[in-house]
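Both backbone and side-chain heavy atoms feed into the values below; hydrogens, waters and symmetry mates do not. Chain naming here is simple, since letters A, B, ... match the order of the sequence lines and numbering starts at 1 in each. Note that the coordinates shown come from a computational prediction; the quantities given were computed from them, not determined experimentally.
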There are 2 protein chains.
Amino acid sequence: MTDQKTVQPRFKRLAADDRAAELVQAGLAVLASGGITAFTIDNICKRAGASRGLIGHHFGGKDGLLAACYAAAYAPWFQMFNAGGTPPDLPDLIYELFTDRQFRRDGLNIWLALWGEIAVNAHLQAEHLRHYQAYETAIRQSVARFAQERSRQVDAANLATALIALLDGLWLELCIAPGLMNTHKARRAVMALLEPHLGPLA
Amino acid sequence: MTDQKTVQPRFKRLAADDRAAELVQAGLAVLASGGITAFTIDNICKRAGASRGLIGHHFGGKDGLLAACYAAAYAPWFQMFNAGGTPPDLPDLIYELFTDRQFRRDGLNIWLALWGEIAVNAHLQAEHLRHYQAYETAIRQSVARFAQERSRQVDAANLATALIALLDGLWLELCIAPGLMNTHKARRAVMALLEPHLGPLA
DNA sequence: TTTCTTGTTGAACGATCATATAGCAATTGC
DNA sequence: GCAATTGCTATATGATCGTTCAACAAGAAA
């Protein structure tokens, strides 16, 4: 009979936070590839190599996991736009958003799936609104500072509104018409909005 | 015993096309209020006051119904942007898109739900791409004609790309942050993009 | 080596899902 | 009044869904 010591462990115990993070990453991967209808307990556990009971244990259930996925998707943005911090320089921001690393279909598919849920889920929508307002404030301040540095008079609030919508729309286009959208086209579209008001950005 | 004549009919027979149209309308209503996860045979039949077997009978199943819903959602756009017809005047188009009748959350929720599915459903995405290219052509021609009439030199393709993305982004914003977006803000955002390139539109 | 902590599994359960289809029944035609 | 047409119901079926939880087991501590 096999020595107990040589038996392969059935699973590896992780710290609670580590396991939760793995499940969130699996959830994001499932959203990226299959959208919100693929976001099921079975799909996520298969992806994470874990058992279905863990979702209830760590998140209280599927809805809690989705909320955690939203928070994880938002975390990089939160760092970038956190109220109280200095908003990024506008050219740096635009540059960064349209690198191949950021302007990627799978990552933006996550947002498209989440938007679909935010539209009909009051709980998620309330949380999104809090983040959105911080984001809008940061973008508006970036625009205002850039204009002021170049002695340009602009309606920063309106330009921020238009910029935010344009960014979201370009993301959406990459998801639903990927062959027709790329970083080059996206950058030029953004410049078409900003440069007449702010002058050259590059 | 009750006379046969006075018995209330159990259901009303409709022409096949009429019943199919009702089911499509029910499907769109379900997408508008609950998103793609609420798009189930039971929800749609409850909404239509019909029996589940009709979905299979008229559409071959749920996927066929979703395709029909997409076609129905697209039909008004098809009329507006049909390749071969005259694209609308740009100011008329912008005016029309941001009336309270068109810029409405429930209608735009349908698109948000469909976009989520288009992103991950190859069949639907292929159909969408056909329509999208006709739409882009029409918008580009509207922009080009408007610019030409005012002796303005613009990159019509780039401006059309930006305009399409901005329109989609404004729709999206109405769905996910409805308290913060309205027709007035949306119009002004569009003008911020177009007027520096094309001159006054109103 | 034994005990303890708690992460984890995976099956049971009831609900919901989409499809298939026998047969009912509204309505028209003869 | 009866027959024909075909729209339509509603049930059966197997699969998938999310939640629950008893009990297992990895790994640390004593």
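Computed from coordinates, the A/Arg19 CZ to D/dA26 P distance equals 13 Å when rounded to whole Å. In this structure, CG of A/Leu65 is placed 15 Å from P of D/dC17, rounded to the nearest angstrom. Taking atom CD1 of residue A/Ile55 and atom C1' of nucleotide D/dC21, one finds them 16 Å apart after rounding to whole Å. Regarding A/Lys12, its NZ atom lies at a distance of 13 Å from the C1' atom of D/dA28, rounded to whole Å. For B/His57 and D/dC8, the NE2 to P distance is 7 Å, given to the nearest whole Å. The CG-P distance, from A/Asp18 to D/dG27, rounds to 13 Å in whole Å. C/dG7 atom P lies 13 Å from atom CG of A/Leu23, rounded to whole Å. Computed from coordinates, the A/Phe59 CZ to D/dT19 P distance equals 13 Å when rounded to whole Å.
For A/Asp89, the side chain to side chain donor-acceptor pair (under 3.5 Å) partners at least two apart in sequence or on another chain are A/Arg145. With sequence neighbours excluded, no residue satisfies ring pair (Phe, Tyr, Trp, His ring centres under 6.0 Å) with A/His197. For A/Phe98, the ring pair (Phe, Tyr, Trp, His ring centres under 6.0 Å) criterion is met by A/Phe103, not counting sequence neighbours. The ring pair (Phe, Tyr, Trp, His ring centres under 6.0 Å) test applied to B/His58 returns no partner, not counting sequence neighbours.
Sorted by first then second residue, the salt bridge (Lys or Arg N to Asp or Glu O under 4.0 Å) pairs that include residues 34-60 of chain B, not counting sequence neighbours, are B/Asp42-B/Arg52. Residue pairs meeting the salt bridge (Lys or Arg N to Asp or Glu O under 4.0 Å) criterion with at least one member in residues 176-188 of chain B, sequence neighbours excluded: A/Asp155-B/Arg188. Judged as a salt bridge (Lys or Arg N to Asp or Glu O under 4.0 Å), not a single pair has a partner in residues 68-77 of chain B (not counting sequence neighbours).
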Side-chain donor/acceptor pairs under 3.5 Å, residues 106-114 of chain A, sequence neighbours excluded:
residue  : atom : partner  : partner atom : Å
A/Asp106 : OD1  : A/Arg104 : NE           : 3.3
A/Asp106 : OD1  : A/Arg104 : NH2          : 3.1
A/Asp106 : OD2  : A/Arg104 : NH2          : 2.5
A/Asn109 : ND2  : A/Ala32  : O            : 3.0

Show every donor-acceptor pair shorter than 3.5 Å between a side-chain atom in residues 60-81 of chain B and any protein atom, with sequence neighbours excluded, or say none if there are none.
residue : atom : partner  : partner atom : Å
B/Lys62 : NZ   : B/Phe39  : O            : 3.1
B/Tyr70 : OH   : B/His128 : ND1          : 2.9
B/Tyr74 : OH   : B/His131 : O            : 3.2

Identify each atom pair where a protein N or O and an N or O of nucleotides 28-30 of chain C are less than 3.5 Å apart, giving names and distance.
none

Are there any protein N/O atoms within less than 3.5 Å of an N/O atom in nucleotides 3-5 of chain D, and if so, which ones and at what distance?
none

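Taking only side-chain atoms of B/Lys62, from C-beta outward, the nucleotide of C/dT19, D/dG7, C/dT8 with the closest atom is C/dT19.
Mapping A/Arg10 and B/His58 onto DNA chain D via the closest heavy atom, the residue that lands nearer the 5' end is B/His58.
Residues from residues 25-54 of chain A with heavy atoms under 4.0 angstrom of DNA chain D, sorted by number: A/Phe39, A/Thr40, A/Ile41, A/Asp42, A/Arg52, A/Gly53.
A donor-acceptor pair is defined here as one N or O able to donate and one able to accept, closer than 3.5 Å; no such pair exists between the side chain of A/Ser142 and the backbone of A/Leu90.
Remark: A/Asn158 CG to A/Leu163 CG distance equals 11.0 Å, nearest 0.5 Å.
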